[in-house]
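In this chain, numbering begins with 1 at the start of the sequence shown. Predicted model only: the values in this text are computed from it and were never measured. We use all heavy atoms of the structure for the numbers below, so side chains are in, but hydrogens, waters and symmetry mates are not.
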Amino acid sequence: MATILKNLSDYDFERVPSGETMKIGIVVAEWNSEITFALCRGAIETLIQHGVQEKNIVVEYVPGSYELSVGSQWLAARNDIDAVIALGCVIQGETRHFEFICQAVSQGITNVSLKYNKPVIFGVLTTDTQQQARDRSGGKHGNKGVEAAVTALKMCEMARRIKS
Ligand code: DLZ
């Protein structure tokens with residue numbers, strides 16, 4: 001599971017499908033916004049690099065990662081949106097809040113994806129420290145927003161191919 005050996009922004013550009021005809025929803029948690037807004041910038045830049053038109057990127061904000069599930073659901077319910085990217089950052093604190101939020105959001109996002117039969121991408125950093133989160137939101141380990149965007153495009157292409 002270690003991401004230490006993997007740079008989250010490294011991928012094979014040629015293997016990513018064009019996003020020219022895709023419409024992507026992004027839901028961003030405002031908690032730890034220094035991190036999550038950097039994830040969002042990484043995701044948007046990557047989508048645009050792969051042909052997604054700016055007008056086809058819909059960004060919505062929720063207060064914290066716990067609300068990412070329902071925020072994703074509202075976007076996934078829209079027929080015009082092909083995939084949703086959920087971006088958040090949960091940092092381990094002194095209480096068990098961390099575990100509850102991580103469990104809820106990972107399960108919640110999976111449920112939304114299965115309910116709406118469309119990709120909902122888990123772009124949530126779950127780290128022990130703020131520095132680990134910085135390292136993964138445009139720092140030395142890349143940007144999880146980039147990884148999430150690439151995953152969304154690949155899954156959209158697969159969904160279209162298989163469902164058509
Ligand atoms: C309350 C809380 C705490 C302690 N930590 C985080 C965090 O590290 N990352 C995050 O995205 N949100 C956190 N929150 C807020 C919860 O996600 C949620 O917004 C509130 O509990 C209200 O439901």
Side-chain angles (χ1 to χ4, degrees), residues 1-20 22-72 75-76 81-94 97-99 101-106 108-110 112-113 119-157:
M1 286 294 271
T3 54
I4 199 88
L5 299 174
K6 171 161 171 53
N7 185 302
L8 294 160
S9 300
D10 279 352
Y11 63 95
D12 185 347
F13 197 95
E14 303 304 322
R15 287 181 61 85
V16 180
S18 167
E20 228 175 331
M22 293 172 186
K23 187 160 188 161
I24 310 289
I26 303 180
V27 56
V28 188
E30 290 172 331
W31 196 282
N32 295 319
S33 60
E34 175 208 341
I35 305 294
T36 60
F37 290 6
L39 297 178
C40 187
R41 283 194 295 277
I44 290 173
E45 281 168 18
T46 305
L47 293 173
I48 290 172
Q49 277 168 14
H50 289 281
V52 181
Q53 299 177 57
E54 263 186 89
K55 68 174 168 71
N56 286 335
I57 302 174
V58 180
V59 183
E60 296 288 347
Y61 297 89
V62 293
S65 292
Y66 190 82
E67 287 74 37
L68 285 172
S69 304
V70 73
S72 298
L75 287 179
I81 288 185
D82 296 291
V84 178
I85 299 172
L87 299 175
C89 171
V90 193
I91 300 176
Q92 180 80 273
E94 292 177 351
H97 223 93
F98 177 87
E99 294 164 39
I101 296 173
C102 293
Q103 169 65 28
V105 69
S106 58
I109 285 173
T110 303
V112 174
S113 187
V120 180
I121 310 304
F122 187 70
V124 181
L125 289 172
T126 57
T127 63
D128 290 333
T129 66
Q130 180 96 8
Q131 187 56 50
Q132 288 174 340
R134 286 202 189 104
D135 291 344
R136 291 160 178 77
S137 56
K140 68 180 179 186
H141 296 309
N143 189 325
K144 189 153 186 74
V146 172
E147 184 206 47
V150 167
T151 305
L153 293 173
K154 287 183 172 178
M155 291 304 290
C156 278
E157 188 277 332

(request) Report the distance from atom CD1 of Ile35 to atom SG of Cys89, rounding to the nearest 0.5 Å. (result) 5.0 Å
(message) I need the Leu125 CG to Gln130 CD distance, nearest 0.5 Å.
(response) 11.0 Å
(request) For residues Ala86 and Ile109, report the shortest heavy-atom separation together with the two atoms involved. (result) CB-CD1, 3.5 Å
(message) Quick check for you: to the nearest 0.5 Å, what is the distance between Thr129 atom OG1 and Ile91 atom CD1?
(response) 7.5 Å
Name each donor-acceptor pair under 3.5 Å that joins a side chain in residues 52-67 to protein atoms two or more places apart or in another chain, with its distance.
from	atom 1	to	atom 2	distance (Å)
Gln53	OE1	Lys55	NZ	3.4
Glu67	OE1	Gly64	N	3.0

(request) Compare all side-chain heavy atoms of Val146 with those of Tyr11 and state whether any distance is below 4.5 angstrom. (result) yes
(message) For Ala38 versus Ser137, what's the shortest heavy-atom pair and its separation?
(response) CB-O, 3.4 Å
(message) Looking at every heavy atom in both Glu157 and Pro17, which two are closest together, and how far apart are they?
(response) CB-CG, 3.4 Å
(message) Applying the side-chain contact (heavy atoms from CB on, under 4.5 Å) criterion to Ser72, which one of Ile26, Val27, Ile121 satisfies it?
(response) Val27
(request) Work out which heavy atom in Val28 is nearest to a heavy atom in Cys40; give both atom names and the distance. (result) CG2-SG, 3.7 Å
(message) Restricting to salt bridge (Lys or Arg N to Asp or Glu O under 4.0 Å), what partner residues turn up for Glu99, sequence neighbours left out?
(response) Arg96
(request) Give, for atom CD of Glu147 and atom CG of Asn7, the distance between the pair rounded to the nearest 0.5 Å. (result) 10.0 Å
(request) Please list all pairs passing the salt bridge (charged side-chain N to carboxylate O under 4.0 Å, His left out) test where one or both residues lie in residues 33-45, with sequence neighbours left out. (result) Glu34-Arg134
(message) Restricting to side-chain hydrogen bond (donor to acceptor under 3.5 Å, both in side chains), what partner residues turn up for Gln132, sequence neighbours left out?
(response) none
(message) According to salt bridge (charged side-chain N to carboxylate O under 4.0 Å, His left out), does anything in residues 81-91 pair up with another residue at least two apart or in another chain? List the pairs.
(response) Asp82-Arg160
(request) Report the C-alpha distance between Thr126 and Phe98 in whole Å, list the side-chain angles of each, state the deciding distance to 0.1 Å, and finish with yes or no for side-chain contact (heavy atoms from CB on, under 4.5 Å). (result) CA-CA 8 Å; Thr126 57; Phe98 177 87; 4.1 Å; yes
(message) I need the Ile101 CD1 to Leu68 CG distance, nearest 0.5 Å.
(response) 10.0 Å
(message) Is any side-chain heavy atom of Phe122 closer than 4.5 Å to one of Val105?
(response) yes
(message) Can you tell me how far apart CZ (Arg136) and CG (Leu39) are? Round to the nearest 0.5 Å.
(response) 12.0 Å
(message) Quick one: does any side-chain atom of Thr110 pair with a main-chain N or O of Ser106 as donor and acceptor, under 3.5 Å?
(response) yes
(request) Examine distances only and state if a side-chain atom of Thr36 and a backbone atom of Ala29 form a donor-acceptor pair shorter than 3.5 Å. (result) yes
(request) Kindly give the heavy-atom pair with the smallest separation between Ala43 and Ala149, and that separation in Å. (result) O-CB, 3.6 Å
(message) Holding to side-chain hydrogen bond (donor to acceptor under 3.5 Å, both in side chains), I want the full list of residues that pass it with Lys154, two or more places apart in sequence or in another chain.
(response) none
(request) Measure across Pro119 and Cys156 and return the closest heavy-atom pair with its distance rounded to 0.1 Å. (result) CG-N, 4.1 Å
